[in-house]
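Okay, structure first, notes after.
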Amino acid sequence: MTLNLYNTLARAKQAFAPIDPNHVRMYVCGPTVYDLIHIGNARPIVIFDVLFRLLIHSFPKTTYVRNITDVDDKINARALETGVNIRQLTTETTERFHQDAAALGTLEPDVEPRATDHIIEMIALIERLIESGNAYATDDGHVLFHVPSMPSYGRLSGRNRDELIAGARVEVASYKKDPADFVLWKPSDPELPGWESPWGPNKGRGRPGWHVECSAMSQKHLGDDFDIHGGGVDLVFPHHENEIAQSLCGNPGTHFAKYWVHNGYLMSEGEKMSKSLGNFYTVRELLEEFPGEALRLTLLQTHYRRPLDFTKDGLRQAKATLDRFYGALRDQRGVKPTVDAHPDVLAALEDDLNTPLAVRRLHGLLDDFNDVSRRDAVNGEDGALLSAGRMLGLLQQDPEEWFRWSPANANTLGEVEIDAMVAARRKARADRDFAEADRIRDELVDAGVILEDKPDETIWRRK
């Protein structure tokens, strides 16, 4: 079956035909590292991880690039607010991002470029834009892209220039020739990050605008033309629209990204996510209360292009669902994944990443797995459930580890203590001291530990 993706540029679902069938190239906008990522940031991380897994499965080679924005005015403002050195802030925030992404079960991208390592490429692109007449420099060191110089500007978002200006917060500045013009380079005061540039007095220090960073990094690592550019729908304008403008004008005769894939908005507890409403959740906060795989499943149960209403009740339901899956896998120890993905799950993902359908088909495989009379016939080596889960980034943990997870700072018994109490209960049962056995069981239940007696052992799990 052919992979079909909704292309924002075409406003239609299209059959995916890579530029080079032997090498698919994908760029996804990564985090601006000034703060912890929230659950809205987690959605594209998980969605494009599933697409990455699908591309790896379907094509001989895939290169996935996801950038780190480590020079930005938001970073500068946070460093000033906290008194933390900018380099320290970006380094620590990047490390926390990696930890949170790993907890969500994501694969690492093939390349993770940092904006500050690509200043030379950004300056070169800006110089080409000035030479072509698509950009201009001001006396104080600003360089701006001149939007009227590109007649097709606005094609991605589907709005004309006047509509875009009216519908967005456009910075008004005296140095602009046109209100829609956007910054490619800006001067830096001594206390801000800056690099020597050809613009401004005495080759003044400056720093890049946000949009030019991604154009330079994608070109460096994927070439002028590549297959997929991804991100949240909130990036369509101005970020991705501006990327297209500067990339096409700076590299005449190229096409930049062939397919533009965007995930939908995220609501939280039925309303727009806001700290003032108390429904603003960072991934780090949620991981203290729920396992990362429950967050991942929650994000996959709504189609990526549809708005997602994220709730903690939904997380609890996802945790209970995963308990059922891991419970079945725990009962069949030694199951290994089959070589290939299950065709039903694969077909769902090939239909514009229909993860809700893929999850439903995963439930069907669980039913087959639990039916001893059908397991061998349907699941082959009993590994179809694991293989299907792998395509979604689910069910890859050891079941014992899954059931031993507990929330951070939970006032609960440790694993060694639980194992000792389980052993003491088994001895009491062997000695026919059933009152003592029941007392230990009740104490464990009160501590949130559920016991399950098997013919030759007792296993336990946390609630």
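Atom set for the values below is all heavy atoms of this structure, side chains included, hydrogens, waters and symmetry mates excluded.
Side-chain contact check for Asp309 versus Thr311: some heavy-atom pair is nearer than 4.5 Å. Under the 4.5 Å side-chain criterion, counting only non-hydrogen atoms from C-beta, Glu112 is in contact with Ile68. Within the 4.5 Å cutoff, side-chain heavy atoms of Leu286 are placed close to those of Phe310. Using a 4.5 Å heavy-atom cutoff, the side chains of Asp234 and His262 are not in contact. In this structure, Leu184 and Met122 have side chains that are not in contact, with every pair of non-hydrogen atoms separated by 4.5 Å or more. Looking at heavy atoms from C-beta onward, Glu213 lies in side-chain contact with Val71 at the 4.5 angstrom threshold. Residues Pro31 and Asn41 are not in side-chain contact: their nearest non-hydrogen atoms beyond the backbone lie 4.5 Å or more apart. Annotation: side chain of Ile45 is in contact with side chain of Phe97 (closest heavy-atom distance under 4.5 Å).
Side chains of Asn242 and Trp210: a donor-acceptor N/O pair is absent below 3.5 angstrom, by distance only. Residues Asn67 and Thr69 bring a donor and an acceptor atom of their side chains to less than 3.5 Å of each other. Remark: the Tyr281 side chain and the Glu269 side chain contain an N/O donor-acceptor pair separated by less than 3.5 Å. Neither side chain, Glu241 nor His211, offers a donor N or O lying under 3.5 Å from an acceptor on the other. If you check the side chains of His38 and Thr282, you find no donor sitting under 3.5 Å from an acceptor. Side-chain polar atoms of Glu293 and Tyr326 form a donor-acceptor pair below 3.5 angstrom. Asp72 and Thr32 share no donor-acceptor pair across their side chains, judged by distance under 3.5 Å alone.
Across Asp351, Asp352, Asn7, a single residue satisfies side-chain hydrogen bond (donor to acceptor under 3.5 Å, both in side chains) together with Lys13, and that is Asp351.
Ring-plane geometry between His229 and Trp260 is classed as parallel, the angle between the planes falling under 30 degrees on a 0 to 90 degree scale with a further cut at 60. Note: His221 and His118 have perpendicular aromatic rings, judged against thresholds of 30 and 60 degrees for the angle between ring planes.
Arg305 forms a cation-pi arrangement with Tyr6, by the criterion of a distance under 6.0 Å to the ring centre and an angle within 45° of the ring axis.
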Problem set entry | Pair His23-Thr63, side chain to side chain donor-acceptor pair (under 3.5 Å): steps then yes or no | CA-CA 7 Å; His23 184 191; Thr63 298; 2.6 Å; yes
